[in-house]
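Before any comments, here is the structure.
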Amino acid sequence: MAGQWKDARGVLVTTTPTVEGHPIQEYCGIVVGEVIVGANLFRDLFANIRDIVGGRSGSYERILKQARDEAIAELQAEAASKGANAVVAIDLDYEVVGDTGSMLMVSASGTAVKI
């Protein structure tokens, strides 16, 4: 069953180096999922207003969550293509890219394994 930490292919993801109770049988290699999202003029405008008056920017938070979920999904797909059923030691990185810093890259990397 797919859930927050396991996709439809059954690829489990975790930030820990092991999965408790499931010894690693085989290491399948490093896997990466990367997503680059562009900022939207209107979203930026409303975020700037939030900066002035305070509060959280729900639109940016939704975009960050979506980008993170997509990066993890890409990572799981790459792991499955290598025959893995889990990815351990996942690291998430966020980077602003582009000449004007108008784009955000979310990168998820880890080690694909068979447990």
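Hydrogens, waters and symmetry mates are skipped; everything else that's a heavy atom, side chains included, is used.
- Residues Ile36 and Val97 are in side-chain contact: their nearest non-hydrogen atoms beyond the backbone lie under 4.5 Å apart.
- Atom CD1 in Ile72 sits 5.0 Å away from atom CG in Leu92 (nearest 0.5 Å).
- In plain terms, the two heavy atoms of Pro17 and Ile24 that are nearest each other are O-CD1, 3.9 Å.
- Going from atom CG of Asn85 over to atom CD of Glu26 covers 10.0 Å, rounded to the nearest 0.5 Å.
- Between Val113 and Thr18, every side-chain heavy-atom pair lies at or beyond the 4.5 Å cut-off.
- Val106 has its side chain out of reach of Asp93: every pair of non-hydrogen atoms, C-beta onward, lies at least 4.5 Å apart.
- Shortest non-hydrogen contact noted between Ala67 and Val37 is CB-CG1, 4.1 Å.
- A 4.5 Å side-chain heavy-atom check between Val35 and Met105 finds every atom pair outside the cut-off.
- Hydrophobic clustering keeps Val32 apart from Val11 (ILVMFWY residues linked when any side-chain heavy atoms are closer than 4.5 Å, directly or through intermediates).
- Minimum heavy-atom separation, Gly83 to Lys114: O-CE, 3.0 Å.
- Summarising the local packing, OH of Tyr27 is surrounded by 12 or fewer heavy atoms from other residues, nucleotides or ligands at distances under 6.0 Å.
- With values rounded to the nearest 0.5 angstrom, Glu78 atom CD is found 9.5 Å from Glu34 atom CD.
- Counting only heavy atoms from C-beta outward, the side chains of Glu70 and Glu74 never approach each other to under 4.5 Å.
- Judged purely by atom type and a 3.5 angstrom limit, Asp91 has no side-chain atom pairing as donor or acceptor with the backbone of Gly110.
- Residues Thr111 and Val87 form no side-chain contact, since every pair of their non-hydrogen atoms from C-beta on lies 4.5 Å or further apart.
- Between atom NZ of residue Lys82 and atom CD1 of residue Ile30 there is a gap of 8.0 Å, rounded to the nearest 0.5 Å.
- Taking the side chain as every heavy atom from C-beta outward, Ser109 and Val31 never approach each other to under 4.5 Å.
- Side-chain contact between Gln76 and Val13: present, with at least one pair of heavy atoms (C-beta onward) separated by less than 4.5 Å.
- Within 6.0 Å of CD in Gln25 there are more than 12 heavy atoms belonging to other residues, nucleotides or ligands.
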Practice problem: Go through Thr16 and Val88 one step at a time and tell me if the side-chain contact (heavy atoms from CB on, under 4.5 Å) criterion holds. | Solution: CA-CA 6 Å; Thr16 60; Val88 297; 5.8 Å; no
